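I have placed the structure first, in the form of structure tokens, so that the comments after it can refer back to it.
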Amino acid sequence: MRETALTIVENKEGLLITGINCFDLDLTLHCGQAFRWEKNENGRHHGVAFGKMLDIRQTAQGVLLSDTSTADFEQVWRGYFDLDRDYAALCDNFCADTGLKTAVEQFPGIRILKQEPWEALCSFIISQNNNIPRIKGIVTRLCERFGNPLGQGDFTFPSAQKMAELNTDDLAPLRAGFRARYMIDAAQKVASGEVKLTELENAPLDEARCELTKIKGVGAKVAECTLLYGCGRVEAFPVDVWVKRLMEELYPQGLPPCTNGSQGIAQQYLFHWRRQQ
DNA sequence: AACCAGGCGCATA
DNA sequence: TATGCGCATGGT
């Protein structure tokens, strides 16, 4: 983790951030790690995270954030977009491996979003045996129905405390299917403190995995996704059907050493690369 | 109309 | 410990 030299300039359109290396906003928001971003015309992306809405787009000058403030940029978006991680150095390391080199060169600029732990957990419970458009639909209905309104049709992601008060019948309108009871169980265990999500950021990885799999509907894959996307654990390595195929074909002995410590980031490049065939 | 989708729980051996 | 099947829902 290194301080990168970001420049923040306020203009009439919002906050212009320059000096970000290795950042493709479109890829990052729509590569299947987050489910609450919509791209509209003019290449603007609109979404909500950490209870804040954001309008963001990438131009030749840099990355332009609208409807936000410098305070929110520092407190929320800087961390969310992982802007203080040196992806150039990371990708440089990855390129020691020819497969990863191809993936990185073909899709440069993918970053791992640091999402809220509860949102990541709940979203990836919904993701199981499901496809991305439908995952987005379920998450959207969940937020509209049980989140707090932010105005202009935006809603926060509902808290675990709020969802712990609900039952599976309440979730029926979401059409989440068999996943509804898993969502309720997760909400109850998080709200009660039986599973302490904030402690997973620093716990030994195996211990963190073990904690998460206490929740019904959370197996190895969902636990790993929660750790990677929600707890900042970039060494977590989710293996879905795409990555499984890829591992069997390319890395039967396991990931190359150049990914050590950042296996989850390598995974995101490999996942996207393999899916684009 | 069968098959698939960023899996998991459960039964069976 | 290891496999196989059912699961809700919706899109091809």
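Proteins come first, then strands; the chains are lettered A, B, ... in the order of their sequence lines, and each starts at number 1. Only a predicted model underlies this, so the values are computations on that prediction, with no experimental measurement involved.
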Side chain of [X] (C-beta onward), nearest among [options]:
| X | options | result |
| --- | --- | --- |
| A:Gln268 | B:dC8, C:dT9, B:dG6 | B:dG6 |
| A:Asn131 | B:dG6, B:dG9, C:dA8 | B:dG6 |
| A:Asp240 | B:dG9, B:dG6, C:dG10 | B:dG6 |
| A:Val222 | B:dC8, B:dG6, C:dT9 | B:dC8 |
| A:Trp242 | C:dT9, B:dA5, B:dC8 | B:dA5 |
| A:Arg245 | C:dA8, B:dA5, B:dG6 | B:dA5 |

Evaluate the side-chain proximity of [Y] to [X]: yes if any heavy-atom separation is below 4.5 Å, no if none is.
| X | Y | value |
| --- | --- | --- |
| A:Met183 | A:Leu142 | yes |
| A:Ile56 | A:Thr68 | no |
| A:Tyr269 | A:Gln106 | no |
| A:Asp72 | A:Phe50 | no |

Do [X] and [N] share a donor-acceptor pair, side chain to base, under 3.5 Å?
| X | N | answer |
| --- | --- | --- |
| A:Gln128 | B:dG9 | no |
| A:Arg179 | C:dA8 | yes |
| A:Arg134 | C:dT9 | yes |
| A:Asn129 | C:dA8 | yes |

Base, sugar-phosphate, or nothing for [X], non-hydrogen atoms under 4.0 angstrom?
| X | result |
| --- | --- |
| A:Gly32 | base |
| A:Gln267 | base |
| A:Ala220 | sugar-phosphate |

What's the gap between [N] and [M] when it is taken at their [atom1] atoms, as a whole Å value?
| N | M | atom1 | answer |
| --- | --- | --- | --- |
| C:dC5 | B:dC3 | P | 13 Å |
| C:dT12 | B:dG6 | P | 13 Å |
| B:dC10 | C:dA8 | P | 13 Å |

Between [atom2] of [N] and [atom1] of [X], the distance in whole Å:
| X | N | atom1 | atom2 | result |
| --- | --- | --- | --- | --- |
| A:Glu119 | B:dG6 | CD | C1' | 16 Å |
| A:Asn130 | B:dC4 | CG | C1' | 11 Å |
| A:Ile126 | C:dC7 | CD1 | P | 21 Å |
| A:Lys136 | C:dG10 | NZ | P | 18 Å |
| A:Ile135 | B:dC4 | CD1 | C1' | 13 Å |
| A:Phe178 | B:dC10 | CZ | P | 13 Å |
| A:Met183 | C:dC7 | CE | C1' | 16 Å |
| A:Gln276 | B:dG6 | CD | P | 12 Å |

Report the residue (A:Ile132 or A:Val218) whose heavy-atom-nearest nucleotide on DNA chain B is the more 5′ of the two.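 Upstream on the strand: A:Ile132.
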With nearest nucleotide decided by heavy atoms, which residue, A:Gln33 or A:Tyr182, maps closer to the 5′ end of DNA chain B?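 Closest to the 5' end, via its nearest nucleotide, is A:Gln33.
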Testing the basics here: between A:Met53 and A:Trp77, what is the closest heavy-atom pair and its distance to 0.1 Å?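 Between these two residues, the closest heavy atoms are O-CZ2, 4.0 Å.
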Can you label the angle between the A:Trp37 ring and the A:Phe81 ring as parallel, tilted or perpendicular, going by 30° and 60°?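 Rings of A:Trp37 and A:Phe81: tilted, 30 to 60°.
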Parallel under 30°, tilted from 30 to 60°, perpendicular over 60°: which one fits the rings of A:Phe124 and A:Tyr229?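 Ring orientation, 0 to 90° scale: parallel.
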If we call it a pair only when both distances are under 3.5 Å in a Watson-Crick or G-U wobble match, what pairs with C:dA8?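 In the structure as shown, C:dA8 has no Watson-Crick or wobble partner.
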For C:dA8, does OP1 or OP2 lie under 4.0 Å from any side-chain N or O of A:Arg175?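 No.
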